[in-house]
Amino acid sequence: MKLLEALAEMAGATLHRLRLYEDMKRSLANLQALQAIDRAITSSLDIRLTLDVLLEQAISRLSADAARVMLLNPYTYRLEFAAGQGFRSQSHQHSRFLLGEGLAGRAALEHKILDSNEALLEGEDVLRTSQFAEEGFVCYRVAPLAAKGQVLGVLELFFRAHHEPDQEWVNFFATLAGQAAIAIDNARLFEHLQNSNFELSMAYDSTIEGWSRALDLRDSETEGHTQRVTELTVKLAQAMGISDQDIVHIRRGALLHDIGKMGVPDSILLKPGKLTDEEWAIMRQHPTFAYELLRPIKFLNHALEIPYCHHEKWDGTGYPRGLEGEQIPLSARIFAVADVWDALTSDRPYRKAWSDKEALEYIRQQTGHHFDPQVVALFLRTFVNNAGDQSTTHHQR
Ligand code: C2E
Ligand code: SIN
Ligand code: SIN
Ligand code: FE
Ligand code: FE
């Protein structure tokens with residue numbers, strides 16, 4: 001008797017341990033499934049890819065034959081198809097439910113897991129609709145996808161054989177749905193952020209273009225100057241190997257280079273002749289005005305170099321700070337050549353345009369005095385040897 005009891009106990013313990021082991025194996029696999037989804041969430045903010053991983057895991061870990069995610073359209077209150085796997089035909093993609101309509105609509109509205117048996121009791125047969133005619137489903141379960149108390153959609157599972165879930169299955173279904181909701185929420189947040197950043201940056205850039213056109217209009221004789229100088233500066237910067245990321249700022253800086261002239265009265269700016277010493281003192285402040293004007297705009301901090309430093313000279317005789325050589329930001333050294341080239345070959349209130357030949361001669365002669373020799377060399381190589389190049393044509397009107 002005692003021996004048998006002992007054996008039975010041992011067998012029971014073994015059985016018990018075996019079941020524990022099986023349970024553990026199952027939870028481990030479930031955990032791995034969650035991790036796979038987690039990875040998909042963090043490595044891809046593309047909602048489609050994440051949903052595909054989710055559906056794959058749902059089908060394999062929850063022994064379903066097909067799975068589908070329907071997302072709530074917040075404007076129409078409809079659940080609309082987002083992703084599906086395991087279906088024989090495409091017609092499942094055309095389902096739409098109003099919130100509260102059908103099992104899926106009710107799961108979403110009431111925030112609870114529902115199944116087809118429950119619906120059958122109420123005389124509703126989800127699986128006999130035309131959409132599923134060819135599918136052979138006999139069993140269906142749907143979980144709401146909710147994050148931060150908000151319903152985002154539903155995760156639906158379809159079975160072609162009868163399926164009786166245990167508690168662990170139900171728990172895991174709920175966990176998976178929770179995970180999916182987080183993924184969707186993240187992806188949407190990110191998309192929204194990206195879109196609003198993009199829109200913001202577009203809005204800024206069109207504001208800048210607007211300002212720069214207004215500035216050219218005021219300085220009526222220099223119309224088109226800013227656009228041409230900006231194009232030439234960007235070309236030179238590209239030829240210098242400056243990164244696209246930095247060129248964005250250089251472009252904005254070039255468009256705004258003379259924004260400080262807003263602080264210079266018309267009587268000086270539009271004066272037909274030479275400036276007096278007092279007038280010149282005011283005119284020479286325009287880079288400082290630009291600095292003060294743009295400094296508080298965080299978005300333009302990296303674009304300040306050109307407006308602030310475009311009248312510095314390589315030999316240290318420029319203004320406003322008398323910077324010398326490489327103390328002058330490279331962007332401003334590049335810009336200076338483009339600016340003077342375009343200014344000289346255009347009519348000004350205070351003189352007629354110079355010919356290309358005269359302007360070129362001047363730029364060559366100012367190498368190492370006004371201009372960085374490397375920039376001049378590049379300017380000559382890239383743009384001037386190239387007769388007929390757009391950037392070297394006359395601009396007088
Ligand atoms: P801006 O007309 O856009 O000229 C930009 C820069 O191109 C000038 O900076 C200068 O480096 C060069 N530049 C333009 N025209 C000439 C020129 O006839 N000869 C030479 N050697 N270089 C020229 P700068 O000199 O610092 O002048 C800054 C701004 O001051 C000019 O911008 C213009 O708005 C104004 N300005 C300069 N001189 C006069 C002037 O004699 N009369 C008037 N009304 N404005 C002037
Ligand atoms: C700036 O980047 O703050 C303006 C350029 C300069 O400091 O020289
Ligand atoms: C710069 O800060 O970009 C140039 C150096 C200086 O401003 O002194
Ligand atoms: Fe200027
Ligand atoms: Fe200019």
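Every number for a ligand or one of its atoms is a count from 1 in the order of the listing. As the structure is a computational prediction, the values presented were derived from the model and not from experiment. These numbers come from the heavy atoms of this one structure, side chains and all, not from hydrogens, waters or symmetry mates.
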I'd like to know whether the aromatic ring centres of [X] and [Y] sit less than 6.0 Å apart in this structure.
{"X": "His257", "Y": "His225", "result": "yes"}
{"X": "Phe81", "Y": "His92", "result": "yes"}
{"X": "Phe158", "Y": "Phe132", "result": "yes"}

Quick check on contacts: which atoms of ligand 1 are under 4.0 angstrom from a heavy atom of [X]?
{"X": "Asp339", "result": "5 (C)"}
{"X": "Lys274", "result": "41 (O)"}
{"X": "Trp280", "result": "24 (P), 25 (O), 26 (O), 27 (O), 30 (O), 36 (N), 37 (C), 38 (N)"}
{"X": "Ile268", "result": "44 (N)"}
{"X": "His311", "result": "9 (O), 24 (P), 26 (O), 28 (C)"}
{"X": "Met283", "result": "30 (O), 34 (O), 35 (C)"}

Pair [X]-[Y], side-chain donor/acceptor within less than 3.5 Å:
{"X": "Arg68", "Y": "Ser95", "answer": "yes"}
{"X": "Asp315", "Y": "His370", "answer": "no"}
{"X": "His310", "Y": "Asp258", "answer": "yes"}

**Asked** What's the count of protein N, O or S atoms under 2.8 Å from the Fe ion (ligand 5)?
**Response**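 The number of such protein atoms is 3.
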
**Request:** Report, as yes or no, whether the 6.0 Å neighbourhood of atom NE2 on His302 holds more than 12 heavy atoms from other residues, nucleotides or ligands.
**Result:** no

contact_flag [X] ligand 1 heavy-atom lt 4.0 Å:
{"X": "His370", "result": "yes"}
{"X": "Leu270", "result": "no"}
{"X": "Gly273", "result": "yes"}

**Request:** Among Arg333, Arg321, Gln327, find the one that has a side-chain contact (heavy atoms from CB on, under 4.5 Å) with Cys309.
**Result:** Arg321

Classify the contact between [X] and ligand 1 as side chain, backbone, both or neither, using a heavy-atom distance cut-off of under 4.0 Å.
{"X": "Lys261", "result": "side chain"}
{"X": "Lys271", "result": "both"}
{"X": "Leu344", "result": "side chain"}

**Request:** Name the option, out of Arg348, Gln366, His225, Gln365, that contains the heavy atom nearest to atom 3 (O) of ligand 1.
**Result:** Arg348

**Request:** Kindly identify the option in Phe371, Tyr350, Tyr362, Trp354 whose heavy atom sits closest to atom 46 (C) of ligand 1.
**Result:** Tyr350

**Request:** Could you tell me whether some N/O pair between Arg351 and ligand 1 is separated by less than 3.5 angstrom?
**Result:** yes

**Message:** Under 3.5 Å between any N/O of Tyr319 and any N/O of ligand 1: does that happen in this structure?
**Reply:** yes

Atom [atom1] in [X], atom [atom2] in [Y]: separation rounded to 0.5 Å?
{"X": "Thr367", "Y": "Asp372", "atom1": "OG1", "atom2": "CG", "result": "9.5 Å"}
{"X": "Thr175", "Y": "Gln179", "atom1": "OG1", "atom2": "CD", "result": "8.0 Å"}
{"X": "Tyr140", "Y": "Leu114", "atom1": "OH", "atom2": "CG", "result": "8.0 Å"}

**Prompt:** With under 30° as parallel and over 60° as perpendicular, where do the rings of Phe159 and His163 fit, or are they tilted in between?
**Reply:** parallel

**For Gln90, side-chain hydrogen bond (donor to acceptor under 3.5 Å, both in side chains) partners two or more places apart** = Gln93

**Message:** If you define the side chain from C-beta out and look only at heavy atoms, does anything of Val340 sit under 4.5 Å from Phe371?
**Reply:**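 SC-SC contact between Val340 and Phe371 confirmed.
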
**Complete:** Looking at His286, the N, O or S atom sitting nearest the Fe ion (ligand 4) is NE2

